[in-house]
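Beneath this line is the structure, given in structure tokens, with notes to follow.
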Amino acid sequence: MSEKRSELVKQLNVEEIRRDFPVLSRKVHGVPLIYLDNAATSQKPMAVIEAMNLFYQRENSNVHRGIHTLSEEATADYEAARKKIARFINAKSWREIIYTRNATESINLVAYSWGLANLHPGDEVLITEMEHHANIVPWQLIAERTGATLRYVPITLQGYLDLDKLNGLLTEKTKMFAFTAMSNVLGTIPPVKMLVEKAHAVGALALVDGAQAVSHMPVDVQAWNCDFLAFSAHKMCGPTGIGALYAKRQLLEEMPPFLSGGDMIRSVWMDHATWNDVPHKFEAGTPAIAEAIGFGAAIDYLQKIGGMEAIHRYEQEIIAAAMTALQEVEGLRMIGPPPEDRGGLISFALDGIHPHDAAAILDQDGIAVRAGHHCAQPSHDRLGIEATDRASFYFYNLPEEIDMLVRSLQRAQAIFHHP
Amino acid sequence: MSEKRSELVKQLNVEEIRRDFPVLSRKVHGVPLIYLDNAATSQKPMAVIEAMNLFYQRENSNVHRGIHTLSEEATADYEAARKKIARFINAKSWREIIYTRNATESINLVAYSWGLANLHPGDEVLITEMEHHANIVPWQLIAERTGATLRYVPITLQGYLDLDKLNGLLTEKTKMFAFTAMSNVLGTIPPVKMLVEKAHAVGALALVDGAQAVSHMPVDVQAWNCDFLAFSAHKMCGPTGIGALYAKRQLLEEMPPFLSGGDMIRSVWMDHATWNDVPHKFEAGTPAIAEAIGFGAAIDYLQKIGGMEAIHRYEQEIIAAAMTALQEVEGLRMIGPPPEDRGGLISFALDGIHPHDAAAILDQDGIAVRAGHHCAQPSHDRLGIEATDRASFYFYNLPEEIDMLVRSLQRAQAIFHHP
Amino acid sequence: MNDDLYQANIIDHYQHPRHYGHLENPDIVYHDVNPNCGDEITIELKIEDDVIREASFTGHGCSISQASASMMMEEIQGKPLAELRGWGKEEILDLLGVKIGPVRMKCALLPLKTLKAGVWGPSNWDGEDADDM
Amino acid sequence: MNDDLYQANIIDHYQHPRHYGHLENPDIVYHDVNPNCGDEITIELKIEDDVIREASFTGHGCSISQASASMMMEEIQGKPLAELRGWGKEEILDLLGVKIGPVRMKCALLPLKTLKAGVWGPSNWDGEDADDM
Ligand SMILES: Cc1ncc(COP(=O)(O)O)c(C=O)c1O
Ligand SMILES: Cc1ncc(COP(=O)(O)O)c(C=O)c1O
């Protein structure tokens, strides 16, 4: 590994990149932090923190409605960030980007606005067994409210979508096919473009949950041709409190508003109101202004360090190395597909050790992983596993952190099996 | 004024307080900024900015689901902020505080969750003509969806609620009475406690829009006995991207969820899900973690500098002085009640000068005010005014800024009337 | 261009708008507002052989939006539609003769936006609001 | 108290839980889960004259939640309900004998929470989750 390691690390300049992240020099329990919980949320570089500080210290003001200088500057920066996001995923227009709190709210927006207006008894919404709760529960609730039926594409024991079953499930009854572009448990990257095509072939819309994909690989909504894409800033070096929904402009024009209040209206009379242009029609009240600016700074940062293609390649090498190394740990079972079909995360179970206990022991060694069902109970149920530990990498993780992970897991084995 | 001025300013230590706000030493168009747009959003002290920086630099992590140290610390700080908010408005329990993006989302949450479940044809929702669009449009949309009827308490030409009409409007048909505790256009502070009592007397719930009140005066939800209270952090020295909904616990237990996804569930099966305890039941997906911590820091700051009682008193003196001084400006018409019945803001119109033009001229002198209908079209319609300029004060504004405002308005008069 | 918005000619057009009022039997009447600030413009046109024979407006709002409408009205009387089709930001700013920041730009362009939407449909606006990426 | 969670007795109770399984005709069966991590406990009780005559549990989850259940089971056999009513955090931490941070606290207290909810109703829990302001 060591030779390849240095090549790999040089490629992205990881040693230098790490200096941009103050938290990465922190110690926990007296040892250096090894942060492997990136699928839950990523760390933030100084460039992002400082962009928000600058906003608060120089031009903090409300947007859109102000004539004074601060408000003009704040509005310009807030809207410039939207354009960065649009370009980042190759949207046709900045009007196709709606700011939300997170990927979860983005999906809820579609479920409430599009779903309540367009779903009827007999209609079907198709999701998959590898979805995050964010792409399950909103559809359960909207199906219940509208009388539509929720169906699932099953997953195979290897952690792939069972594409043989797809044709039977995707019918003219299907009005929406909503699926993740990268599973946050299995790591699986499904064939998004093909799935969108299949949805469109039966007249369904396609919503892609990009919470993991947009943070970890190049995404091009025009190439995918998806109708909606949901993602969060906090998983891609951006701040908490902001996410985005991409939607094709025509759909946004047709959809009724979701949240309502100031800024999303054109005019308000006592008995009714008319709506502002898209995307503003979907953004009610004072938005997360500093956070939007931080989101834009995060995108600048990702591009500056090498771009999503390089980041994705780096993570795929890291995950291949990790999966090889983890085979050394006795009684460790990994779930999901081989490295070439997955993103930079790996979920595993240890014989006789509950994932929480393993995570707690790793924490004593400074290693942060997540334990549980990772907000994806159905995929765990399907694989017959109650919970797992998940190690998830980002471009600032070093190959030697894998070795530390392996050693700490071996310590856990010793504690439980030779107490 | 000058003698009283120094007493007043000493009371809160305003000169010193101003140093906590980096933006207040900024220049625009070459002259020092005079920020009188506080009703739109307040400025942020370093203590708030730094609390968020510290989070990002030391313990950034996702909350609730993590076993590792960073997640444990982040969760503790995120929940500690909730308790600060609960105590700040004297809620009975931290479980009564739901984090939202802003006051607007707080009201939408009630409209969707409580409203869709409880409103039926024939039911009435009562609001007032002095509401912000955030407390109008959600009720219009929910009324349309449920068949309920929306009614308005009129306002008098002096800018008070027309309480004589209230008894006729508040009937057993009324299921919800939603009103602001401080008008963002007129400044009016209605008798909240009495209005809540009247709502309860007919069996209606009472929602208080506290977007202005919570930022500018002491608020005690137990004394008011309101069922819901909506407010935003960004108007009270906190960050953008976070607000809160207070609701009596019993109501929260009974209400169905609104947004859904991770963190708000107890268990998810393929066909249904069960809910987490309140308030988590209403918080879906990764929350605005840094922002919640910043919100907590803002509350600490407001209390440190003297508390809401002192702030309110200071603003009332400022506004009394401002209203006296503005009488010097020819052709200036102020709207709303006298100083003793209002918060620290004043909306006015100038003869023959559109509010946008006045605001643009003030901006050249470094003075930031808002121009327009301030997201309250119905109250403008009622008073027969198309738009106004609004100067809104906070505890860091100085009495001499009033003099600058007056002088700049006189300059606007000269430009338009003696060009 | 002048740095100071409030030139005498702008205030003059604002205080004494040209072609303000209604036409008899207009061929096109179109109304638009600026949602952020409430400026309103209604444009009325009589069109013959793809030429504007007569144009007038009504509305209210700030001096920039109303002066822009008034100046544009003077300019378009008798103009072939084909010529107007190419109009954008520059033509309006030339008329106004002052520098305009991003916020007031919407005020300045509202009359042209209303005109173009009235003649060629609302999706035909490609001025300041356009999808410039 | 010991700083290190994973003491031999905890692992022993986890690997060999006492009173694990079902009772015949239990008077009370109550189930609860820890929504954040998925620990589950079902408690079964036979009660006579306000005394626990027999208690057992089933469940799955981390060593802390299961060892806590197993240790609590040993302790409550034959105990009057009146005595258990006063139990809280301290009693459980004494049984476990290790220091427990805020996150794992929920695991440690889940068995007691389930027991108290089963006997006196869900609103009767005033342990770690209580509304301490
Ligand atoms: C009275 C009132 N209600 C509601 C709001 C909406 O607040 P926000 O934009 O933070 O949601 C405001 C602020 O503009 C307000 O002044
Ligand atoms: C695949 C997937 N979808 C959705 C989400 C929800 O993201 P957020 O919590 O930012 O809304 C996540 C993150 O946890 C995820 O991994």
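Numbers restart at 1 for each chain; the letters A, B, ... are given by sequence-line order, proteins then strands. Just so it is clear, the values below take in all heavy atoms, side chains as well, and ignore hydrogens, waters and symmetry mates. Keep in mind the model is a prediction, meaning the values are calculated, not measured.
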| Largest heavy-atom contact set with chain A, pairs under 4.5 Å, which of B/P257, B/G285, B/A292 | B/G285
| field | Greatest number of heavy atom pairs closer than 4.5 Å to chain B - which of A/I49, A/V268, A/D381 | value | A/V268
| remark: Cut-off 4.5 Å, heavy atoms of chain B, and the answer for A/V369 is backbone
| field | Rounded distance [0.5 Å steps], CD1 in B/I67 versus CG in A/D357 | value | 7.5 Å
| task | Measure A/D271 against the heavy atoms of chain B and call it side chain, backbone, both or neither at under 4.5 Å. | result | backbone
| query | Side chains of B/N60 and A/H234: does their closest heavy-atom pair fall under 4.5 Å? | reply | no
| task | Taking all non-hydrogen atoms of both residues into account, name the closest pair between B/Q377 and A/S267 and its distance. | result | OE1-CA, 3.5 Å
| Most contacts with chain B, counted as non-hydrogen pairs under 4.5 angstrom, among A/P138, A/A359, A/A103 | A/P138
| task | Output the distance between atom NZ (B/K44) and atom CZ (A/F55), rounded to the nearest 0.5 Å. | result | 7.5 Å
| task | Please name the pair of heavy atoms, one in A/T240 and one in B/A288, separated by the smallest distance, quoted to 0.1 Å. | result | OG1-C, 3.9 Å
| query | Does the side chain of B/R101 reach to within under 4.5 Å of the side chain of A/E105, using non-hydrogen atoms? | reply | yes
| message | Need one label for A/L24: side chain, backbone, both or neither, based on atoms under 4.5 Å from any heavy atom in chain B. | response | neither
| message | Need one label for A/Q57: side chain, backbone, both or neither, based on atoms under 4.5 Å from any heavy atom in chain B. | response | both
| task | Below 4.5 Å from any heavy atom of chain B, which atoms of A/P239 appear? Answer side chain, backbone, both or neither. | result | both
| Smallest separation among heavy atoms of A/Y112 and B/F258, with atom names | OH-O, 2.9 Å
| said: Main chain of B/H272, side chain of A/E144: is a donor-acceptor contact present, judged purely on distance under 3.5 Å? | reply: no
| Nearest heavy atoms of B/C375 and A/G262, plus distance in Å | SG-CA, 3.8 Å
| Which atoms of B/I127 come close to chain A, meaning under 4.5 Å heavy atom to heavy atom: side chain ones, backbone ones, both, or neither? | neither
| query | Using non-hydrogen atoms only, which part of A/H29 is less than 4.5 Å away from chain B: side chain, backbone, both, or neither? | reply | side chain
| Validation row: A/M264, B/T104 side chains within 4.5 angstrom (heavy atoms) | no
| request: Hey, could you give me the CG/CG distance between A/L109 and B/L259, rounded to the nearest 0.5 Å? | output: 9.0 Å
| A/L70 vs B/Q43 side-chain heavy atoms within contact, under 4.5 Å | yes
| How long is the gap from OG1 on A/T69 to CZ on B/R26, to the nearest 0.5 Å? | 7.0 Å
| salt bridge (charged side-chain N to carboxylate O under 4.0 Å, His left out): which pairs involve residues 47-60 of chain B, sequence neighbours left out? | none
| request: Answer yes or no: is there a side-chain heavy-atom contact under 4.5 Å between A/M270 and B/E129? | output: yes
| note | The single option from A/D37, A/V28, A/L36 that satisfies side chain to side chain contact (heavy atoms under 4.5 Å, CB included) with B/H68 is A/D37
| request: Report the residues that fulfil side-chain contact (heavy atoms from CB on, under 4.5 Å) with A/S408, sequence neighbours left out, ordered by chain and then residue number. | output: A/L362, A/D365, A/I367
| So how far is it from A/N108 CG to B/S260 OG, rounded to the nearest 0.5 Å? | 4.5 Å
| Do you know which two heavy atoms are closest between A/Y56 and B/M52, and how far apart they sit? | CE1-CE, 3.8 Å
| said: Using side-chain heavy atoms (C-beta onward) and a distance below 4.5 Å, is B/T41 in contact with A/I289? | reply: no
| query | With a 4.5 Å heavy-atom cut-off, do B/N62 and A/R370 have their side chains touching? | reply | yes
| Between B/A284 and A/N102, which heavy-atom pair has the shortest distance, and what is it? | O-ND2, 3.5 Å
| request: Please state whether the side chain, the backbone, both or neither of B/E73 comes within less than 4.5 Å of a heavy atom of chain A. | output: side chain
| query | With a 4.5 Å limit on heavy-atom distance, are the side chains of B/R145 and A/L116 in contact? | reply | yes
